[in-house]
Amino acid sequence: MAGADNVRFAVVDASVAVKWVVDEPHSDVSAALLERPITWLAPRLMLVEAAAALRRKVADRELNAVTGTSALRSIADAAREGTIQLADDEQLVTEAFLLAVELGHKVPDCLYLALAEREGCALATADRRLASFARSRGIPVLGVGITRKADHAT
């Protein structure tokens, strides 16, 4: 994205947060984002989505339960310590619902969009469809593993 070096605030979705704590494709790109002077924001739902993604990895035997628990604890600690500032979803859910209706997309993903719009900031995601919706609304995208050249975080 143009101006990606100038991003100071960004909403992080669960797809990127999980890459921060689990070695998987594009984890290196995700980790590089943490090195940048960015204030990270997320809806509280991100913790639940990260937990669900980690549970899937345990069920698929990509991780054992101990590693999955440790990874989730790291994300929760980042929120507790302020590395990720969690927004109150109840303040976003109506706007997320309206976005979901307008875009024909899932309400949970639209929570990330609603937060990015409310805060006037970028969105960090590894989800191509979510990135596309963000771009369509003028939200800068820090894409992790997204093939469109303009979206790469590095």
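All heavy atoms count here, side chains included; hydrogens, waters and symmetry mates do not. If you read the sequence from its start, that first residue is 1, and numbering goes on from there.
Using a distance-only test at 3.5 Å, with no hydrogens or angles considered, no donor-acceptor pair links the side chain of S74 to the main chain of V21. A donor-acceptor pair under 3.5 Å is absent between the side-chain atoms of T39 and the main chain of F9, judged by distance alone. No donor-acceptor distance shorter than 3.5 angstrom exists from the side chain of T125 to the backbone of L130, with no hydrogens or angles considered. Side-chain atoms of K19 come within 3.5 Å of backbone N or O of P25 as a donor-acceptor pair.
Rounded to the nearest 0.5 Å, atoms CZ (R8) and SG (C121) are 13.5 Å apart. Here the straight-line distance linking atom CD of E24 with atom CG of L63 works out to 8.5 Å at 0.5 Å rounding. A distance of 9.5 Å separates CG in L103 from OG in S132, rounded to the nearest 0.5 Å.
Listed by chain and residue number, A96, A100 satisfy the side-chain contact (heavy atoms from CB on, under 4.5 Å) test with V107 (two or more places apart in sequence, or in another chain). For E62, the side-chain contact (heavy atoms from CB on, under 4.5 Å) test picks out K57, D60, with sequence neighbours left out. Shown here are the side-chain hydrogen bond (donor to acceptor under 3.5 Å, both in side chains) partners of T67, two or more places apart in sequence or in another chain: N64. For R129, the side-chain contact (heavy atoms from CB on, under 4.5 Å) criterion is met by H105, D127, F133, not counting sequence neighbours. For H26, there are no ring pair (Phe, Tyr, Trp, His ring centres under 6.0 Å) partners two or more places apart in sequence or in a different chain. Looking at residues two or more places apart in sequence or on another chain, you find a side-chain hydrogen bond (donor to acceptor under 3.5 Å, both in side chains) between R80 and D77. The side-chain hydrogen bond (donor to acceptor under 3.5 Å, both in side chains) search around S15 returns D13, not counting sequence neighbours. The side-chain contact (heavy atoms from CB on, under 4.5 Å) test applied to T83 returns A78, not counting sequence neighbours.
Considering every non-hydrogen atom in both L33 and A124, the closest pair reads CD1-CB, 4.3 Å. The two residues A122 and V7 have their closest heavy-atom pair at CB-CG1, 3.9 Å. Heavy-atom minimum distance, V22 versus A71: CG2-CB, 4.0 Å. Residues V58 and G68 approach most closely at CG2-CA, 4.4 Å, considering heavy atoms.
Chaining together hydrophobic side chains whose heavy atoms lie under 4.5 Å apart leaves V66 on its own. Summarising the hydrophobic clusters (Ile, Leu, Val, Met, Phe, Trp, Tyr; side-chain heavy atoms under 4.5 Å, direct or chained), the residues clustered with L98 are F97, V101.
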Pairs of donor and acceptor atoms involving the side chains of residues 41-55, under 3.5 Å and at least two apart or interchain, shall be tabulated with distances.
residue : atom : partner : partner atom : Å
R44     : NE   : D88     : OD1          : 3.3
E49     : OE1  : Y112    : OH           : 2.5

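Under a 4.0 Å N-O distance rule, the pair E95/R118 does not qualify as a salt bridge.
Residue pairs satisfying the ring pair (Phe, Tyr, Trp, His ring centres under 6.0 Å) criterion with at least one member in residues 36-74, sequence neighbours excluded, are listed as follows: W20-W40.
Taking hydrophobic clusters as Ile, Leu, Val, Met, Phe, Trp and Tyr residues chained together by side-chain heavy-atom distances below 4.5 Å, I75 shares a cluster with I38.
Each of L123, V11, L99, L92 was checked for a side-chain contact (heavy atoms from CB on, under 4.5 Å) with E117, and the lone residue meeting it is L99.
Counted within 6.0 Å of CZ on R137, heavy atoms from surrounding residues, nucleotides or ligands total more than 12; the atom is thus considered enclosed.
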